[in-house]
Amino acid sequence: MMVGETPLSDHRAYTLAAAEKLLAAAVVDTPYLARRMQIVNERSGSGKDINWDEVLDLKPPGRFLLVGEPGAGKSMHLARLAVDRLTQVTEKEVIVWQTMASYRMRTTLPQLLVTGTRSPEILEQFLQFGGVAILDAADEARAGDIGEVFDDILDWANDHRNVTLIVSCRAAEVPAWVTNEFRRLKLVPLTEPEISNALTAARDANPHQEVAARLYRLLAQPQLLSLYANPLLLGLALASLEDPQSDGVGMRVDSRADLYTLFMSRLERREEARAHLTDSDSRALFRLRPRALGWIAWKSVKEERAIFARDDLQRWLGEFLRIDSIAPQVANNPSITRLFDLIHASQPLKEIEERPKEAVRYSFVHASFNDYFAAQELRVSSLERGGLRAVSAVEMAAPITSRLFEIVYFVVASSADPDNELSELMTLATTTRDRDLLRSVAHVLSYDPRPKNDQVDDLLMRANDAFKYWERPFDYVLMYSV
């Protein structure tokens with residue numbers, strides 16, 4: 001067999017196109033700033049700088065786990081690695097790159113990893129001699145729980161010991177036992193000088209200097225700089241600064257939730273201008289869309305669907321139209337069918353075509369956006385039903401997953417009185433003896449660049465009480481969170 005056979009060339013072209021599509025499909029043009037990467041010593045927790053060439057040139061090939069919080073740049077970094085490797089190295093190297101959100105049925109991983117070629121058998125034979133396999137977002141796979149997904153990945157790796165394996169996953173989702181099977185990699189956060197330089201350059205690039213200066217004062221506040229170490233959040237700020245239509249007048253921006261709100265308001269305003277909405281029905285439909293997105297996001301979280309079929313989308317949309325207060329304004333208008341199309345065409349959603357003629361499925365571009373929309377829905381629900389504490393007892397029943405942690409963070413951060421929200425959550429956790437809620441509070445505080453000492457002390461006292469008197473085994477995970 002020749003390395004240049006058409007089936008292998010087909011696979012290279014398919015993989016390159018898929019990785020480039022991910023880079024191009026980002027909701028914001030997140031800048032690809034040079035990032036340091038470190039390999040972590042599991043015993044000491046310290047990191048040593050390493051680059052991709054060093055990772056990929058190791059002999060024998062290694063297994064690596066790239067971890068980080070949502071928006072840390074894991075997917076973009078791996079997609080960039082795949083594109084660079086495919087365009088710069090010899091055709092003799094086999095590159096497999098796949099988003100694990102496509103993995104929905106156990107035992108099918110080997111077939112998934114050789115898609116994109118007319119002769120999977122030939123590609124499989126080449127993989128026996130080496131190559132690189134990049135599996136992005138293991139936590140978004142729905143073939144089983146995260147432990148089962150890693151079992152399947154390791155089974156595949158054991159059958160392909162000559163392949164360098166790189167897997168990315170949210171840090172909070174990684175099972176403890178997995179760290180023994182991989183060498184852990186992490187991206188070093190952007191420094192404040194790098195962040196400041198990027199913000200200044202975006203401000204200067206905006207032709208509307210008066211608007212840009214106003215936004216810069218809003219977005220370059222000292223308390224936000226630590227948040228911008230997350231590339232996704234920095235991308236939101238840069239996109240707002242560079243857009244001539246941006247305007248932050250009257251907005252409060254001092255948290256992640258506020259950044260998303262600013263970004264989404266800008267996106268909605270831009271899309272409304274493009275849609276040329278001239279009649280009342282069209283405007284009502286457009287106002288319905290973000291609320292429908294919130295409902296769909298919340299349903300996808302509650303039903304644990306990272307990827308859902310067209311039937312799911314239509315079912316959730318039908319439920320939403322029956323309960324929403326704006327829906328009656330357009331209920332008798334045939335144009336209500338356009339709402340589905342508006343959601344379908346919305347930038348926060350994208351269409352995924354995995355194979356020709358396969359059923360079309362939909363996914364939020366990034367889990368953090370799904371979390372944001374779900375938080376907005378939860379916020380509306382809490383306002384209507386007596387606050388987050390009242391809703392938590394019903395909507396956020398244990399077990400609380402890391403996805404719900406993110407949503408609680410967005411809800412608290414977007415509140416007019418976040419301190420009171422946290423106090424309410426801690427009171428509810430104590431009343432119900434729910435350690436998951438205490439973990440949720442610890443999660444929210446961990447994202448606060450300046451947590452108040454009395455809040456931390458209150459949480460520690462309640463956690464200690466939980467360890468001593470609550471009728472559950474000692475919770476080391478909660479202790480670590482606190």
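Remark: the backbone N or O of Q128 is paired with a side-chain donor or acceptor of N162 at under 3.5 angstrom. Using a distance-only test at 3.5 Å, with no hydrogens or angles considered, a donor-acceptor pair links the side chain of Q221 to the main chain of L218. Looking at S300, its side chain does come within 3.5 Å of a backbone N or O of A297 through a donor-acceptor pair. Using a distance-only test at 3.5 Å, with no hydrogens or angles considered, no donor-acceptor pair links the side chain of D139 to the main chain of E173. Remark: side-chain polar atoms of R379 are paired, donor with acceptor, to backbone N or O of V411 under 3.5 angstrom. E377 places no side-chain N or O within 3.5 Å of a backbone atom of A374 that could act as its donor or acceptor partner. Put simply, the side chain of T15 never gets that close to the backbone of R12: no donor and acceptor are under 3.5 Å apart.
For the residue pair N206 and Y216, no side-chain donor N or O sits within less than 3.5 Å of a side-chain acceptor on the partner. With no hydrogens or angles considered, no side-chain donor-acceptor pair links Q125 and E121 at under 3.5 Å.
Between H160 and E124 the shortest side-chain heavy-atom distance falls below 4.5 Å. Using a 4.5 Å heavy-atom cutoff, the side chains of L225 and Y228 are in contact. At a threshold of 4.5 Å between non-hydrogen side-chain atoms, the residues C169 and L65 count as touching. For the pair I166 and W52, the minimum side-chain heavy-atom distance is below 4.5 Å. Taking 4.5 Å as the limit, some side-chain heavy atom of T164 sits within range of a side-chain heavy atom of F64. Under the 4.5 Å side-chain criterion, counting only non-hydrogen atoms from C-beta, R203 is not in contact with L215. A heavy-atom distance below 4.5 Å is not found between the side chains of L224 and D258. Using a 4.5 Å cut-off on side-chain heavy atoms (C-beta onward), R315 and I296 make no contact.
Listed by chain and number, the residues in a side chain to side chain contact (heavy atoms under 4.5 Å, CB included) with S168 are L66, K74, L78, D136 (sequence neighbours excluded).
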* Given R85 and L56, is the side chain to side chain contact (heavy atoms under 4.5 Å, CB included) satisfied, shown in steps? -> CA-CA 10 Å; R85 200 75 181 178; L56 299 176; 3.4 Å; yes

* Determine, step by step, whether F410 and L378 satisfy the side chain to side chain contact (heavy atoms under 4.5 Å, CB included) criterion, reporting the C-alpha distance in whole Å, the side-chain angles of both residues, the deciding distance to 0.1 Å, and the verdict. => CA-CA 10 Å; F410 281 124; L378 188 59; over 6 Å; no

* Take R161 and R63 through the test side chain to side chain contact (heavy atoms under 4.5 Å, CB included) and record every step on the way to the result. => CA-CA 9 Å; R161 294 184 179 275; R63 300 172 183 174; 3.7 Å; yes

* To do: Dump the intermediate steps for side chain to side chain contact (heavy atoms under 4.5 Å, CB included) on Y103 and L135, then the final yes or no.
  => CA-CA 10 Å; Y103 186 41; L135 310 184; over 6 Å; no

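Once rounded to the nearest 0.5 Å, the distance linking CG of L190 with CG of L233 reads 11.0 Å. Taken to the nearest 0.5 Å, the CG atom of L262 stands 8.5 Å off from the CG atom of L236. Atom CG of D159 and atom CG of L127 lie 11.5 Å apart (nearest 0.5 Å). The CG atom of L219 sits 9.0 Å away from atom CG of L238, with the distance rounded to the nearest 0.5 Å. With rounding to the nearest 0.5 Å, the separation of CG in N370 from CH2 in W298 is 10.5 Å. Atom NE2 of residue H77 and atom CG of residue L185 lie 9.0 Å apart, to the nearest 0.5 angstrom.
Across all non-hydrogen atoms, the minimal contact from V149 to G144 is CG2-O, 3.9 Å. Closest approach of V83 and A19 over heavy atoms only: CG2-CB, 3.7 Å. Residues A229 and P189 share a closest heavy-atom pair of CB-CB, 3.9 Å. Nearest heavy atoms, L199 versus A237: CD2-CB, 4.1 Å. Taking every heavy atom of both residues into account, W316 and W295 meet most closely at O-NE1, 3.0 Å. Shown here for G147 and W177, the closest heavy-atom pair between the two residues is O-CZ2, 3.6 Å.
Salt bridge E54/R183: absent, no basic N to carboxylate O contact under 4.0 Å.
The one candidate from I50, I39, L81 that meets the side chain to side chain contact (heavy atoms under 4.5 Å, CB included) condition with V55 is I50.
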